[in-house]
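Here's the structure we're looking at; comments come further down.
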Protein chains: 2
Amino acid sequence: MTEPKTPDAAAPTAPAKKHARDGKSNATIYDIAKVAGVNPSTVSRALSKPGRVSAKTQKLIEDAAAELNYQVNPFARALPTGRTNTFGLIVADITNPTFFDIIRGAETTATVRDYTLVLAESAESAVTELTAARRMMATVDGLILASPRMDDDDIRALARDKPVVVINREVDGVPCVVPDVNKGISEAVRSLAANGHRKVAFVAGPPQSWMSARRWEGVQAACEWSRLEAVRLESSKPTVDGGRQVARDVRASGATAVLTYNDLLAIGLMQELQAAGMVVPDQISIVGFDDIFGADFTTPPLTTVRSPLGECGSGATTLLLDLLHGTGDPAGTLRVETELVLRGSSGRLLPAG
Amino acid sequence: MTEPKTPDAAAPTAPAKKHARDGKSNATIYDIAKVAGVNPSTVSRALSKPGRVSAKTQKLIEDAAAELNYQVNPFARALPTGRTNTFGLIVADITNPTFFDIIRGAETTATVRDYTLVLAESAESAVTELTAARRMMATVDGLILASPRMDDDDIRALARDKPVVVINREVDGVPCVVPDVNKGISEAVRSLAANGHRKVAFVAGPPQSWMSARRWEGVQAACEWSRLEAVRLESSKPTVDGGRQVARDVRASGATAVLTYNDLLAIGLMQELQAAGMVVPDQISIVGFDDIFGADFTTPPLTTVRSPLGECGSGATTLLLDLLHGTGDPAGTLRVETELVLRGSSGRLLPAG
DNA sequence: AGCCTTTTGTCAACCGGTTGCCATAAATTG
DNA sequence: CAATTTATGGCAACCGGTTGACAAAAGGCT
């Protein structure tokens with residue numbers, strides 16, 4: 001009675017003034033109840049609890065809902081229940097393509113299971129990360145931390161509040177998804193040994209990176225096994241730029257083969273060494289980690305220890321969703337395999353001409 | 001009185017059983033009101049409407065809030081107000097690095113302004129996109145569509161409901177952020193002309209891509225101006241793979257220079273041509289679009305017309321946020337400049353040997 | 001002092017679902 | 001056919017803020 005009935009053809013091209021609230025604004029369960037001639041609570045039940053109402057009423061309500069093209073109000077639902085059908089993903093650095101695949105894996109899996117993904121980044125900072133995590137906690141059902149930089153204890157504290165899954169790091173008592181580096185690394189080191197290398201450098205990543213530590217351990221172990229000498233070098237940041245900067249240390253080290261914490265470092269390193277006139281792989285072999293997008297664009301294409309990043313993202317999401325639905329091991333670690341992707345940046349060492 | 005006071009040191013290493021609800025669960029404005037000795041509504045006002053309560057009460061309430069380390073419940077706030085401090089970003093393809101810069105730009109700007117980013121992808125499908133958009137509409141304050149594939153009308157319909165900003169496409173009546181291709185393209189074409197090229201091929205992107213159409217127009221216009229012949233080729237999909245597939249058409253076309261809809265196509269095309277023994281740029285020049293991550297990893301590094309993608313993402317976010325806060329032009333288009341990034345994949349044509 | 005305006009806090013309704021409890025109707029059983 | 005169990009729908013309270021209306025208190029002015 002109070003609303004005029006021509007909200008549509010009013011002004012087709014005129015700039016829309018206000019945003020909705022009027023017009024075909026959202027129907028509520030009360031509207032449905034009225035149309036179907038039942039109580040709102042019955043509508044609620046019909047729409048969420050399967051089997052709680054009779055088939056007849058169910059149909060009645062569903063038809064009414066369809067007619068009004070009803071959509072639940074997620075906030076109204078979240079308020080009493082706490083369920084939001086949303087989860088958060090915090091990555092260390094959105095710039096880093098490593099996380100692209102993780103994000104993609106997570107987003108895809110989330111969408112399939114009818115969840116929404118909320119994204120944040122920590123800019124490689126532990127405190128930013130914790131802040132972002134805390135903020136998210138209020139609005140999500142669960143959280144995925146990809147390569148977190150904060151303390152184990154902080155992570156456990158978060159996990160006490162809501163389900164948390166960690167990628168690329170192992171935290172006691174928290175479900176994790178980690179690539180098992182050993183297979184890939186030993187393949188890589190064996191390949192280097194077979195090609196005549198005797199001294200291998202490892203360019204480490206951020207000091208707080210759990211994964212960097214694991215990779216260094218793996219490299220050490222594999223080198224020992226193959227009777228190679230292993231030295232560790234530090235990088236300023238795990239980026240292309242960081243790779244360029246570490247080039248002089250690499251040359252100074254006397255190593256003829258380098259494994260780097262990630263592909264970005266490897267690419268930067270290779271660029272810088274090539275710019276200085278070195279021939280890859282004739283004079284030096286370079287092996288990265290992760291097999292990110294673009295790793296095969298370089299010349300020579302980058303040999304790398306691939307982590308199935310997309311799988312990590314979707315695996316973590318699945319783990320989280322299972323946790324949320326009661327299924328699933330509260331603290332199981334999902335291990336995914338790594339493998340050597342042999343491309344052109346590693347190979348036989350040519351005798352110094 | 002009713003709650004035991006030792007929730008902490010209970011079982012440090014035992015697997016956390018249930019998730020919160022107990023313990024230091026969230027304080028509400030009612031708790032604050034009790035502590036501060038005022039009415040809940042006063043608390044609400046103190047915390048949201050600046051200046052609505054006296055300085056004294058304000059302080060009282062703030063202290064109480066701090067003590068209880070209160071955090072608003074976003075859902076409780078969203079329910080009556082509709083404000084969520086969240087906005088959605090829908091991209092055509094998460095796999096495509098083009099969008100990563102956009103995502104990054106948007107996320108960064110959003111965080112600064114205290115907004116949360118919700119991400120979804122459409123997998124290059126108009127219907128998936130519309131579905132995702134509709135779903136999001138319920139939970140966000142506004143929406144950013146990056147390279148949308150749906151109809152103008154659908155976009156306008158969405159925009160009638162909540163603020164929408166479009167990236168990489170111009171839609172009448174909707175605020176947009178678009179790179180202005182002309183400068184970059186004319187630089188590119190002039191450079192090609194100066195290097196002796198006479199026939200230029202353009203490899204188009206998805207048929208629904210507004211940007212692809214603009215780029216083709218730009219190429220045509222620039223070629224006309226420089227008196228070059230321009231031919232248009234179609235690609236199956238705007239990816240590296242699509243680039244590989246279009247290689248035979250490129251060779252068949254007789255063009256000595258190619259501009260591709262995006263860098264991915266350019267990279268794939270270059271790989272395939274090189275695999276077939278062609279020398280870039282001696283026998284054929286290749287120019288991409290966007291300057292994505294990795295465009296300079298190739299050999300030769302890719303010449304490309306750069307779009308400031310990160311700027312698009314942050315610009316769109318700013319536009320949206322301004323819109324939400326009443327400031328800002330309801331339908332202004334933000335144009336950002338493109339420029340030629342001259343690298344090694346384009347250059348002088350060598351006489352066929 | 002008396003009256004008017006402004007400030008500040010309270011009351012109560014509301015946003016839109018969810019859910020425990022209860023009453024009625026239907027189905028099962030002895 | 002009565003007695004009991006089970007299926008179904010309704011009632012009302014609740015989640016945690018927000019906000020319009022109003023009253024009490026404070027301040028300003030003649």
Side-chain angles (χ1 to χ4, degrees), chain A residues 2 19-22 24-62 64-65 68-86 137-141 162, chain B residues 20-22 24-62 64-65 68-86 137-141 162:
Chain A
T2 40
H19 287 287
R21 182 71 58 210
D22 51 38
K24 67 290 205 76
S25 206
N26 310 333
T28 73
I29 57 168
Y30 296 93
D31 301 330
I32 298 182
K34 206 166 295 172
V35 172
V38 297
N39 189 283
S41 60
T42 305
V43 176
S44 173
R45 292 201 177 95
L47 265 28
S48 36
K49 309 258 189 301
R52 180 58 174 73
V53 304
S54 71
K56 205 178 56 199
T57 329
Q58 180 82 31
K59 172 120 180 45
L60 210 59
I61 289 172
E62 275 171 2
L68 300 172
N69 77 5
Y70 167 81
Q71 298 195 182
V72 293
N73 178 324
F75 306 110
R77 171 171 288 173
L79 190 47
T81 61
R83 275 179 284 114
T84 67
N85 262 246
T86 285
M137 275 315 227
T139 59
V140 301
D141 289 343
K162 297 222 178 128
Chain B
R21 182 70 59 213
D22 51 40
K24 65 288 201 81
S25 205
N26 310 332
T28 72
I29 56 169
Y30 295 93
D31 301 329
I32 299 182
K34 207 166 296 172
V35 171
V38 298
N39 189 284
S41 59
T42 306
V43 176
S44 172
R45 292 208 172 88
L47 266 28
S48 37
K49 308 258 190 306
R52 179 59 173 73
V53 303
S54 70
K56 206 177 55 197
T57 329
Q58 179 83 30
K59 172 119 180 42
L60 209 61
I61 289 171
E62 275 172 2
L68 300 172
N69 78 3
Y70 167 81
Q71 297 194 183
V72 293
N73 179 325
F75 305 110
R77 172 172 286 172
L79 190 47
T81 62
R83 274 179 284 116
T84 67
N85 262 243
T86 286
M137 276 312 228
T139 60
V140 300
D141 289 344
K162 298 225 176 121

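To find a chain, count down the sequence lines: A is the first, B the second, and so on, and within it residues start at 1.
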**Prompt:** Just how far, in rounded Å, is P of C:dC11 from CD1 of B:I29?
**Reply:** 14 Å
**Message:** Is the phosphate of D:dG17 approached by B:Y70 (side-chain N or O, under 4.0 Å from OP1 or OP2)?
**Reply:** yes
**Request:** Give me the residues of residues 40-49 of chain B where at least one heavy atom lies under 4.0 Å from an atom of DNA chain D, by number, or none.
**Result:** B:S41, B:S44, B:R45, B:S48, B:K49
**Prompt:** How close do B:A64 and B:V35 get, heavy atom to heavy atom, and via which atoms?
**Reply:** CB-CG1, 3.7 Å
**Complete:** NZ of B:K162 to OG1 of B:T139, rounded to nearest 0.5 Å, is 7.0 Å
**Message:** Roughly what angle, to 10°, lies between the helix axis at the start of the helix from C:dA1-D:dT30 to C:dG30-D:dC1 and the one at its end, five pairs per end?
**Reply:** 30°
**Request:** Would you give the length of the straight line joining atom CZ of B:R45 to atom CD1 of B:I29, rounded to the nearest 0.5 angstrom?
**Result:** 10.5 Å
**Item:** From D:dG9, D:dT18, C:dT19, nucleotide with atom closest to B:P80 side chain
**Value:** D:dT18
**Message:** I need the CZ-P distance between A:R83 and C:dT18, as an integer number of Å.
**Reply:** 7 Å
**Prompt:** Heavy atoms under 4.0 Å, any strand shown: does B:Y30 hit a base, just sugar-phosphate, or nothing?
**Reply:** base
**Prompt:** How long is the line joining NZ of A:K56 and C1' of C:dA25, in whole Å?
**Reply:** 11 Å
**Message:** Nearest whole Å is fine: how far is D:dT18 P from B:N85 CG?
**Reply:** 11 Å
Donor-acceptor pairs under 3.5 angstrom involving side-chain atoms of residues 50-58 of chain B: please list them, not counting sequence neighbours.
from: B:S54; atom 1: OG; to: B:T57; atom 2: N; distance (Å): 3.3
from: B:S54; atom 1: OG; to: B:T57; atom 2: OG1; distance (Å): 2.5
from: B:Q58; atom 1: NE2; to: B:A46; atom 2: O; distance (Å): 3.0
from: B:Q58; atom 1: NE2; to: B:E62; atom 2: OE2; distance (Å): 2.9

**Request:** May I ask you to verify if any side-chain N or O of B:R77 is less than 4.0 angstrom from the OP1 or OP2 atom of D:dC15?
**Result:** no
**Message:** Please report the distance, rounded to the nearest Å, between CD1 in A:I61 and C1' in D:dG9.
**Reply:** 9 Å
**Request:** Using only heavy-atom distances, decide whether a donor-acceptor pair under 3.5 angstrom links the side-chain of B:R52 to the base of C:dG9.
**Result:** yes
**Asked** Rounded to the nearest Å, what distance is computed from the CG atom of residue A:L60 to the P atom of nucleotide D:dT8?
**Response** 15 Å
**Item:** Nearest atoms (heavy-atom pairs only) where A:D141 meets A:G82
**Value:** OD1-O, 3.5 Å
**Message:** Under the rule for salt bridge (Lys or Arg N to Asp or Glu O under 4.0 Å), what residues qualify as partners of B:K59, not counting sequence neighbours?
**Reply:** B:D63
**Item:** Whole angstrom value for the distance that separates C1' of C:dT18 from CG of B:L79
**Value:** 12 Å
**Item:** OP1 or OP2 of C:dG17 under 4.0 Å from side-chain N/O of A:N73
**Value:** no
**Prompt:** In terms of the nearest nucleotide of DNA chain D, which residue is placed more toward the 5' end: A:Q58 or A:A76?
**Reply:** A:Q58
**Asked** Are A:N73 and B:L79 close enough that some pair of their side-chain heavy atoms sits under 4.5 Å apart?
**Response** yes
**Message:** C:dG9, OP1 or OP2 - any side-chain N/O from B:S54 closer than 4.0 Å?
**Reply:** yes
Tabulate atom names and distances for all N/O pairs under 3.5 angstrom spanning the protein and nucleotides 24-28 of chain D.
none

**Prompt:** If you look at every heavy atom in B:A36 and B:L60, which pair is closest and at what distance?
**Reply:** O-CD2, 3.4 Å
**Request:** Using side chain to side chain contact (heavy atoms under 4.5 Å, CB included) as the criterion, list what pairs up with A:L47, not counting sequence neighbours.
**Result:** A:I32, A:V43, A:I61, A:Y70
**Message:** Could you report the tightest heavy-atom contact between A:F75 and B:A138, atom names first, then the distance?
**Reply:** CE1-O, 3.4 Å
**Request:** In whole angstrom, give the distance that lies between atom CG of B:N39 and atom P of D:dA21.
**Result:** 18 Å
**Prompt:** Can you name the closest pair of heavy atoms from A:A33 and A:P40 and give their distance?
**Reply:** CB-N, 3.6 Å
